[in-house]
Amino acid sequence: MAIDFVSRLHDAGLRVTEQRLAALAEVEKHGHISAEDLRQRVADKTGSISTQAIYDIVHTLTSVGILREIKPNGSVALYEVETGDNHHHLVCRSCQRLEVVPCAVGYVPCLQAHIDHGFDIDEAEVIYWGLCPSCRS
Ligand SMILES: [Zn+2]
Ligand SMILES: [Zn+2]
Ligand SMILES: [Zn+2]
């Protein structure tokens, strides 16, 4: 299922650039990728791209909701294409292996705060932490 990134950029009011499209294609292919891994993959496709340029791209695309950023504590931020499925992540404390866990509820916010202090809550971020099978043995 190919995502029409040109339309998504248009809808977000962003210019369609070769680097943005290359970055999106790589994130789609290798979900949960760090900015540095992404920079290398985009550089392989388009020539070279600076670290600053790749950070600008991922931050812009995250701020308009095209990318989703996951920030496990003590680990670098990872990026994936936002598909709206509201899945969660399972991270190994030891080796940082990451697995995807479908959301039991499926829509945000899937956790209801008992006291919302009057906020209109639109997101609950869940990361499950533990040890993966190879780190346990
Ligand atoms: Zn592990
Ligand atoms: Zn994910
Ligand atoms: Zn959930």
Side-chain angles (χ1 to χ4, degrees):
M1 179 192 63
I3 301 173
D4 184 357
F5 289 121
V6 172
S7 318
R8 292 196 71 174
L9 289 168
H10 275 149
D11 292 348
L14 294 176
R15 245 169 2 104
V16 178
T17 66
E18 188 198 3
Q19 288 187 334
R20 281 176 179 161
L21 288 179
L24 283 165
E26 292 306 308
V27 175
E28 186 184 17
K29 221 185 295 171
H30 312 276
H32 312 116
I33 188 174
S34 70
E36 179 52 27
D37 284 354
L38 181 60
R39 192 191 61 73
Q40 278 166 18
R41 292 181 187 282
V42 172
D44 286 347
K45 289 274 153 58
T46 66
S48 76
I49 179 165
S50 68
T51 302
Q52 187 57 48
I54 208 78
Y55 277 97
D56 285 351
I57 288 174
V58 293
H59 289 152
T60 303
L61 295 176
T62 302
S63 70
V64 297
I66 296 177
L67 291 184
R68 177 173 168 191
E69 183 184 68
I70 311 117
K71 254 192 169 151
N73 265 346
S75 162
V76 295
L78 302 172
Y79 297 89
E80 65 181 319
V81 175
E82 175 63 85
T83 59
D85 68 351
N86 195 40
H87 67 261
H88 301 305
H89 300 98
L90 178 60
V91 183
C92 177
R93 284 187 193 286
S94 177
C95 69
Q96 257 83 59
R97 171 176 157 191
L98 181 148
E99 297 291 339
V100 163
V101 188
C103 180
V105 181
Y107 51 83
V108 289
C110 66
L111 293 179
Q112 292 291 343
H114 290 297
I115 299 170
D116 65 13
H117 295 279
F119 286 43
D120 177 16
I121 298 174
D122 59 26
E123 183 177 353
E125 206 171 273
V126 181
I127 296 181
Y128 299 98
W129 292 92
L131 285 176
C132 74
S134 42
C135 288
R136 278 169 51 206
S137 58

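Atoms within each ligand, like the ligands themselves, are counted from 1 in listed order. Heads up: numbering here begins at 1 and tracks the sequence.
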Problem - Working for side chain to side chain contact (heavy atoms under 4.5 Å, CB included), residues L9 and V64 - result: CA-CA 9 Å; L9 289 168; V64 297; over 6 Å; no
Angle subtended at the Zn ion (ligand 1) by C132 SG and C95 SG, to the nearest 10 degrees, is 110°
Do the ring planes of H87 and H89 sit parallel (below 30°), tilted (30 to 60°) or perpendicular (above 60°)?
perpendicular
**Report entry** Smallest separation among heavy atoms of I49 and A43, with atom names
**Finding:**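 So the minimum-distance heavy-atom pair works out to CG2-N, 3.9 Å.
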#### Entry: Closest approach of A124 to P109 (non-hydrogen atoms, all atoms of both residues)
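Looking at all heavy atoms of both residues, the closest pair is N-CB, 4.0 Å.
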*asked:* For the Zn ion (ligand 3), what is the number of protein N, O or S atoms at a distance under 2.8 Å?
replied: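 The number of such protein atoms is 3.
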CD (E125) with more than 12 external heavy atoms under 6.0 Å:
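Check fails, neighbour count at 12 or below.
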Exactly one candidate in V81, I66, L24 meets side-chain contact (heavy atoms from CB on, under 4.5 Å) with I3; the answer is V81
ang(NE2 H32, the Zn ion (ligand 2), OE2 E80) rounded to 10° is 120°
TODO: Check whether the side chains of Q52 and D56 place a donor and an acceptor atom closer than 3.5 Å, and report yes or no.
DONE: yes
To the Zn ion (ligand 2), the closest N, O or S atom belonging to H89 is NE2
